[in-house]
Amino acid sequence: MTYVLRDVSTMTVRGLRLVSRDVDAMITAVLLPVIILLMFVLIFGGAMDTGTEYINYVTPGVILLAAGFGAANTALAVEHDMSSGMVERLRSMPVTAWTVLSGHVVASLVKNLVTTTVVFGVSILMGFRPEASPLEWLAAVGMILLFVGWITWLAALVGVLVRSPDAAGGFSFFVMFLPYASSAFVPVDTLPGWLRGFAGHQPVTPVIETVRGLVSGDVPTVADPAGVAVLAVVWCLGLGLAFAVAAGLAFRARR
Amino acid sequence: MAAIVTAEGLHKSFGRQGSTSPPVLDGLDLELEEGAVLALLGPNGAGKTTTVRILSTLLRPDAGRATVAGFDVVRDARRVREIISLTGQQVAVDDKLSGAENLTMMGHLAHLPRRVVRDRVAELLTVFDLADAASRRVITWSGGMRRRLDLAAGLLTRPRVMFLDEPTTGLDPRSQQALWDVVRGVVSDGTSVFLTTQYLEEADRLAQRVALVDGGRIVADGTPAQLKRDVGEAGVELTFASASDAGLVAPALAATIDGARVRVPTDGSVAHVRSVLSAVEATGVTPDHWEVRAPSLDDVFLALTGHVGQERSARSAGVAA
């Protein structure tokens, strides 16, 4: 037990080294959201009517899409560990099961902090005009990290369960589409009725509304911003905890 | 001498309940004496890796019991993990980290004090002749270097028992030799080594005791000298143009015949090989090709069990068909 902190820090250092030396993934993590941002603002933006400058509406959505995609890449890292023999070695050592996964999770949080900062920067160059106090920025970053946290734990679970890098890659693809069925790109009430039910109640929507409310000053806020924020935090913490436990159990059970 | 690793009646199947897939381990017993090297020798699919995985706490047996230094590998798995190291068939190092970073990470995970980690990493890099490449990423290293790093990673803690699962498979002869030297060094430092291999020569060079495994159980067990005595040291193998040529030569020698091939057991001495060749020459039939060949794993199985190892026989049947 006394070694848990040391194990986590050892595995985090490893995770950060692996992530920072995977140049291809880093480039993708930054370029993909930038391209999506360009696409939405320049191509779809003219036709969008969200009652505000569209870039101010859509930037938080793109940020979360990017963060979700970056977090989902953890599935690939975990799958590689499982299939490359690394996990065999680690499991023959007196290392607690979930510390191996938590190293990847902390590394994912740091990586996505970096990439989302870059995407925020690009969007400001493109005309995004955030209006947030330092405290609101801090809250927004915290919200994004909570979101990255639960997706990363889900990705870790997927990485433990799947048996091929292709399947792990397919997962990131799926996660990338989750924000489309939310209020990330268009207001929920413009969606068809059957989708509105899902989009209005899936975890991405309250997270987006909260981040947007915090940083995009001129976007009309939802009726009850505090309530939505609490809902977002509860969603992220709840899912994060559930997937962390599930990933730890699956890791122990896989033989 | 006391046994440091024991296994009694290990059973393991991977099929679903009620399926007809044969068990991977079918009542396997073995013992490794403290300070010694035991080689588990067998073909692919014999159950070698499964045995190592059970002994190193990665896998629970369906039945039977195994201990390491008196600790049960299932109930006291954590205690076992503190005194063993496992080097699996796959090289388990991070390609994107340097050699030194890999070893340092393993030292921290083994919970060694930081100073000890630093000293031990430097020491092992030197011993394994990796010091020059230590700061380069492992992805740029050769296969032999990666294998040595992999072994070094298992030695940071000076384990009491080291498990090596086919450590030289896929290595060139020089790297193989270097690895054998490393294993001998480890043993002289007091570590007991449990080794699996497909190569009779490897078992012969390293192990005090060889256990032959086939179909999930030990089919023969003894010192390398005993096994070789049973198998015969080596043979002069002569290949003729036809089976009838071979038939003309065989009566002149104490030979076994297999189609156009004739095999004469030999101690490998110049005098004996010369006398065999003289006898062949005297018959007036010239072989297409001849060589002195050490017994192969197939020969061992044939001599000790009366059949070829299971997967091999299946494979050669497939080729013949």
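As the structure is a computational prediction, the values presented were derived from the model and not from experiment. Naming convention: chains lettered A, B, ... in sequence-line order (proteins, then strands); numbering from 1 in each chain. Any value given below was found using the heavy atoms of this structure, including those in side chains, with hydrogens, waters and symmetry copies removed.
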Non-hydrogen atoms of [X] and [Y] that approach each other most closely:
| X | Y | result |
| --- | --- | --- |
| B:Leu109 | A:Val95 | O-CG2, 3.8 Å |
| B:Ala92 | A:Gly85 | CB-O, 3.3 Å |
| A:Pro94 | B:Arg78 | O-NH2, 3.4 Å |

Atom pair [atom1] ([X]) and [atom2] ([Y]), whose distance is rounded to the nearest 0.5 Å:
| X | Y | atom1 | atom2 | value |
| --- | --- | --- | --- | --- |
| B:Met106 | A:Arg14 | CE | CZ | 7.5 Å |
| B:Gln90 | A:Met86 | CD | CE | 10.5 Å |
| A:Glu88 | B:Leu86 | CD | CG | 7.0 Å |
| A:Leu18 | B:Lys96 | CG | NZ | 6.0 Å |
| A:Met93 | B:His111 | CE | NE2 | 7.5 Å |
| A:Arg6 | B:His108 | CZ | NE2 | 6.0 Å |

Less than 4.5 Å to any heavy atom of chain A: does that hold for the side chain of [X], its backbone, both, or neither?
| X | result |
| --- | --- |
| B:Thr87 | both |
| B:Asp150 | both |
| B:Val91 | backbone |
| B:Arg137 | side chain |

A:Tyr180, OH atom: more than 12 neighbouring heavy atoms under 6.0 Å
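Yes.
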How about B:Asp189: does its CG atom have over 12 heavy atoms from other parts shown lying under 6.0 Å from it?
yes
Between B:Arg81 and A:Arg91 (side chain of the first, backbone of the second, donor and acceptor by atom type, cut-off under 3.5 Å), is there such a pair?
yes
Check whether A:Ser20 gets within reach of chain B through its side chain, its backbone, both or neither, counting any heavy atom under 4.5 Å.
neither
If I measure from the heavy atoms of chain B, does A:Arg21 come under 4.5 Å with its side chain, its backbone, both, or neither?
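Both backbone and side chain of A:Arg21 come within 4.5 Å of chain B.
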Tell me, out of B:Thr104, B:Leu97, B:Val93, who's got the most heavy-atom pairs with chain A below 4.5 Å.
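Looking at each option in turn, the highest pair count goes to B:Leu97.
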Give the member of A:Val13, A:Asp22, A:Val87 that has the highest number of heavy-atom pairs under 4.5 Å with chain B.
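Greatest number of close heavy-atom pairs with chain B: A:Asp22.
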